[in-house]
Protein chains: 2
Amino acid sequence: MVTIRDIAKEAGVSVSTVSFAFNDSGPVAPETKEKIFEVIRRLNYQPNSAARGLAMQKTNTVCLYTPHPGSAFFNFSGNSTFSDLLQGVGEIIDQKSYNLLLSWDNAREDLPRALRLARQQSVDGFLFMLPSHETDMLEELTALAVPFVVMGRKEDISAVNTVDVDNFDAAYRNTKHLIDLGHSRIGFVSPGPEEYLVCSDRLEGYQSALTDNDCVQDPALVFIGNDRQESGYEAATAFCSLTTPPTAIVAGRDVQAIGVLQYAREHGLRVPQDVAIVSFEDSALAKEYGLTSIRTNLYDIGRESARLLFQIVSRKKQRAPQNVILPSELVIRTSCGATDSTDATARSR
Amino acid sequence: MVTIRDIAKEAGVSVSTVSFAFNDSGPVAPETKEKIFEVIRRLNYQPNSAARGLAMQKTNTVCLYTPHPGSAFFNFSGNSTFSDLLQGVGEIIDQKSYNLLLSWDNAREDLPRALRLARQQSVDGFLFMLPSHETDMLEELTALAVPFVVMGRKEDISAVNTVDVDNFDAAYRNTKHLIDLGHSRIGFVSPGPEEYLVCSDRLEGYQSALTDNDCVQDPALVFIGNDRQESGYEAATAFCSLTTPPTAIVAGRDVQAIGVLQYAREHGLRVPQDVAIVSFEDSALAKEYGLTSIRTNLYDIGRESARLLFQIVSRKKQRAPQNVILPSELVIRTSCGATDSTDATARSR
DNA sequence: CTGAAAGCGCTTACAG
DNA sequence: CTGAAAGCGCTTACAG
């Protein structure tokens, strides 16, 4: 491989001059600079990143830390989760010309991978996509003064940087919206297992809205779903087998809402007249099926997290951690009955 | 951060001895070693990766190079593509304790990102997930003697290392299977745009099977679909509006097959009696819906590619490139009519 | 504007 | 078995 010395020799200048020219970090005479760049281009020179990193104490790469790729969480919010998130993160990474290290925990190892990477100074910062708390790790990272931001939790561990949509609030608003439309018996489909913060937050938001508005809190009206359309269908089946079925359903994610719609269609239930539906995500599906849904975009979370991380990385001195709450927007369509609705099921496909 | 000198000082030995002990790369007296490790543990020492990389000329990271995260290709084979692939790659990466750099092309830059990374010696090798040929880049990489393997193409550019399932063969067998069952008018739903090798290979396999067996080749029987269930539904709609609809359909991917099933159910067509269906992927969906499908697992491709890459990376001298073709298996279920079929639509949900 | 030199934190012959 | 020293390829004060 071609090194800076090769360039210096070929251009007849010193190594430092080449460095100054290449990085535009020192005064170099125009003609000298020109000559140097001619050689650089001719030899396809690129500075060795390890050498540069060592000298500058900087890697130019950030680590996106996720649960194991095979885990359910990885694909958590439906089809596009991770790729949406990645797109948001990638946009900023691109912009900054950084590298992205993708890492996850390895059961075989004692030391969390992120900690090792931090101690090795392999990356300049971390973006965490954590299914649950890992307080110890985050504390050590803080102690080491390694920049990081946690994505997708609303917990006010105000000691760390976080970016999230307020899932509690989103669920609260979703539910409240149905209540305002006159519903009081409302079913809830959890987007996934309760261990996930997203899920418990949404559940709690739903419950609080009910409580605050003196509505029934029936455990039979809560169904733990997953990322498959089927789970929405199953939830609807369960709800409708009750003596008093709910008149409205809060689906934890758009695919589940589709499952509910399917059930409704197959069983001659009109939406929203017989059952009103609201959902989360506002994915392409929501648009297609006329679902009222709350926009909780992982793309935004990815982008804002990355932005925040770069802010921290580039700051010299420590600052108080930031807790970014992304606005979520209730997008009203036909499935909830708030508009002078054409029947949503009629849209079929 | 704690350096090797800190350890040496604290343990009262030289820096080289610490290095020998830590890496088990030289003779160290047992007591010395013990003392050293005590200090290492106490101070949470991990060698600086840039320094180590510079000294050893090795980064311990490989790059998974993909189209831009936002691109359609990224999510190409349906829901789980990338995460499946990643799981396969991740498994091997974990095993080798390597790092994974995720990279993609940036429209704003002239130089392909992979080339820059290679020249910078930022990674030890590449895993390419390319939608199309990038011959120039691959050639320079070869010239630079940078190890890489290309995933997901069957082109016999035998000059580079590749890993793929034989999509042509898979489509051929899928189609032949239907022909053997007595069908001669067979529709084909492309899994995506024809520019993608996967798609053109599958299309050609389908066409060859028809030609070899004297079946009709009707352009109206080829529908270009995408990664959505709807495209299967639309294909079925198009096919059934023909004067002579096909009696069997080769769906380019499982979700499309589901779309076809849905159409069949809604229009009272029995599967496989009225229309037989075969598909690709053998995803969880195929199992659930009793689809006959060809197993073309991206998990396998990821795993085998990573394995091959590590083989190359660890080899000292260059060897002739390998072209790995992964076996694909035709999994017969009820949708094709080969078994004494219970009606596949009856399974509904 | 330019260059010689120290230093980033490791590894690895080479002596002892 | 142990240590002093060179070297990996950069950057960056410091002199000139």
Side-chain angles (χ1 to χ4, degrees), chain A residues 1-37 39-40 43-61 99 116-124 144 316, chain B residues 1-37 39-40 43-61 99 116-124 144 316:
Chain A
M1 288 285 175
V2 22
T3 73
I4 198 174
R5 298 193 51 181
D6 298 326
I7 305 298
K9 204 170 301 172
E10 182 79 11
V13 296
S14 79
V15 155
S16 20
T17 303
V18 175
S19 178
F20 288 152
F22 187 89
N23 300 305
D24 200 22
S25 53
V28 181
E31 321 85 70
T32 317
K33 191 175 247 177
E34 203 166 315
K35 173 66 181 161
I36 290 174
F37 272 107
V39 178
I40 284 179
L43 304 190
N44 284 336
Y45 170 73
Q46 282 285 342
N48 176 296
S49 58
R52 183 179 239 198
L54 181 57
M56 303 185 70
Q57 299 286 58
K58 178 167 194 344
T59 61
N60 246 274
T61 109
N99 291 135
R116 177 137 72 100
L117 290 170
R119 293 182 188 160
Q120 288 177 150
Q121 298 162 76
S122 294
V123 299
D124 295 337
L144 290 175
K316 322 94 273 291
Chain B
M1 288 284 177
V2 22
T3 73
I4 198 172
R5 296 193 53 180
D6 298 325
I7 304 300
K9 204 171 300 172
E10 181 79 11
V13 296
S14 79
V15 156
S16 21
T17 303
V18 175
S19 177
F20 288 151
F22 188 89
N23 300 305
D24 201 21
S25 55
V28 181
E31 320 84 72
T32 317
K33 191 175 248 176
E34 204 167 314
K35 174 66 182 160
I36 290 174
F37 272 106
V39 178
I40 284 178
L43 304 190
N44 284 336
Y45 170 73
Q46 282 283 343
N48 176 296
S49 58
R52 184 180 239 198
L54 181 57
M56 302 184 69
Q57 299 284 62
K58 177 168 195 343
T59 61
N60 246 274
T61 109
N99 290 137
R116 175 138 71 102
L117 291 170
R119 292 182 188 160
Q120 287 177 152
Q121 297 163 77
S122 293
V123 298
D124 294 337
L144 290 175
K316 322 100 265 295

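Proteins come first, then strands; the chains are lettered A, B, ... in the order of their sequence lines, and each starts at number 1.
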Peer 1: When we call it a touch if two heavy atoms are under 4.0 Å apart, what does B/Thr32 touch: a base, just sugar-phosphate, or nothing?
Peer 2: sugar-phosphate
Peer 1: Over how many whole Å does the gap from A/Ile40 atom CD1 to D/dC10 atom C1' extend?
Peer 2: 13 Å
Peer 1: Please pick, from C/dC8, D/dT11, D/dA13, the nucleotide with the shortest atom-to-atom distance to any side-chain atom of A/Leu54.
Peer 2: C/dC8
Peer 1: Whom does C/dA4 pair with, Watson-Crick or G-U wobble, provided both distances fall under 3.5 Å?
Peer 2: none
Peer 1: Can you tell me if B/Thr17 touches the phosphate of D/dT2, counting only side-chain N or O atoms and a distance under 4.0 Å to OP1 or OP2?
Peer 2: no
Peer 1: Taking the side chain of B/Phe20 as its heavy atoms from C-beta onward, which of C/dT2, C/dG7, C/dT12 lies nearest to it?
Peer 2: C/dT12
Peer 1: Round to the nearest Å and state the distance from B/Lys58 atom NZ to C/dT12 atom C1'.
Peer 2: 16 Å
Peer 1: Ignoring backbone atoms, establish whether B/Ser19 has a side-chain N or O less than 4.0 Å from OP1 or OP2 of C/dC10.
Peer 2: no
Peer 1: Heavy atoms only: give me the nearest B/Ser122-B/Thr59 pair and the separation to one decimal.
Peer 2: O-CG2, 3.3 Å
Peer 1: So what does B/Pro47 touch, heavy atoms closer than 4.0 Å: a base, only the sugar-phosphate, or nothing?
Peer 2: sugar-phosphate
Peer 1: To the nearest Å, give me how far apart CD1 (B/Ile36) and P (D/dC1) are.
Peer 2: 13 Å
Peer 1: Starting the side chain at C-beta, find the nucleotide from D/dG3, D/dT12, C/dC10 nearest to B/Ser14.
Peer 2: D/dG3
Peer 1: Give a yes/no answer on whether the side chain of A/Gln57 brings an N or O atom under 4.0 Å of OP1 or OP2 in D/dC10.
Peer 2: no
Peer 1: Expressed in angstrom and rounded to an integer, what is the separation of B/Glu31 atom CD from D/dT2 atom P?
Peer 2: 8 Å
Peer 1: Nearest 0.5 Å, what's the CG-OG distance between B/Asn60 and B/Ser49?
Peer 2: 9.0 Å
Peer 1: State whether A/Ser49 places a side-chain N or O below 4.0 Å from either non-bridging phosphate oxygen (OP1 or OP2) of D/dC10.
Peer 2: no
Peer 1: May I ask you to verify if any side-chain N or O of B/Ser16 is less than 4.0 angstrom from the OP1 or OP2 atom of D/dA4?
Peer 2: no
Peer 1: Please tell me which of the listed nucleotides, C/dT2, D/dG9, C/dC10, lies nearest to the side chain of B/Arg52?
Peer 2: C/dC10
Peer 1: Taking atom P of D/dT11 as reference, at what distance in whole Å does atom CD of A/Gln46 sit?
Peer 2: 11 Å
Peer 1: Using a 4.0 Å heavy-atom cut-off, does A/Tyr45 contact any base of the nucleic acid, only the sugar-phosphate backbone, or nothing at all?
Peer 2: sugar-phosphate
Peer 1: Looking at B/Gln121, does any N or O in its side chain come under 4.0 Å of the phosphate oxygens OP1/OP2 on D/dG9?
Peer 2: no
Peer 1: Hunt down the Watson-Crick or G-U wobble partner of D/dA13, both distances under 3.5 Å, from any strand shown, or write none.
Peer 2: none
Peer 1: Do A/Leu144 and B/Met1 have side chains that approach each other closer than 4.5 Å (heavy atoms only, starting at C-beta)?
Peer 2: yes
Peer 1: Let me know the distance between NZ of A/Lys35 and C1' of C/dC1, rounded to the nearest Å.
Peer 2: 18 Å
Peer 1: Take the protein atom CG of A/Asp6 and the nucleotide atom C1' of D/dC10, then report the distance between them rounded to whole Å.
Peer 2: 13 Å
Peer 1: Among B/Val18, B/Ile40, B/Asn48, find the residue that satisfies the side chain to side chain contact (heavy atoms under 4.5 Å, CB included) test when tested with B/Ile4.
Peer 2: B/Val18
Peer 1: When we call it a touch if two heavy atoms are under 4.0 Å apart, what does B/Val13 touch: a base, just sugar-phosphate, or nothing?
Peer 2: sugar-phosphate
Peer 1: So does B/Lys58 get a backbone contact from the side chain of B/Asp124, meaning a donor-acceptor N/O pair under 3.5 Å?
Peer 2: no
Peer 1: For A/Asn23 and D/dT11, is the shortest distance between a side-chain N/O and OP1 or OP2 below 4.0 Å?
Peer 2: yes
Peer 1: At their closest point, which heavy atom of B/Val28 faces which heavy atom of B/Lys33, and how far apart are they?
Peer 2: CG1-N, 3.8 Å
Peer 1: Between P on C/dG9 and CE on A/Met56, what's the gap in Å once rounded to a whole number?
Peer 2: 14 Å
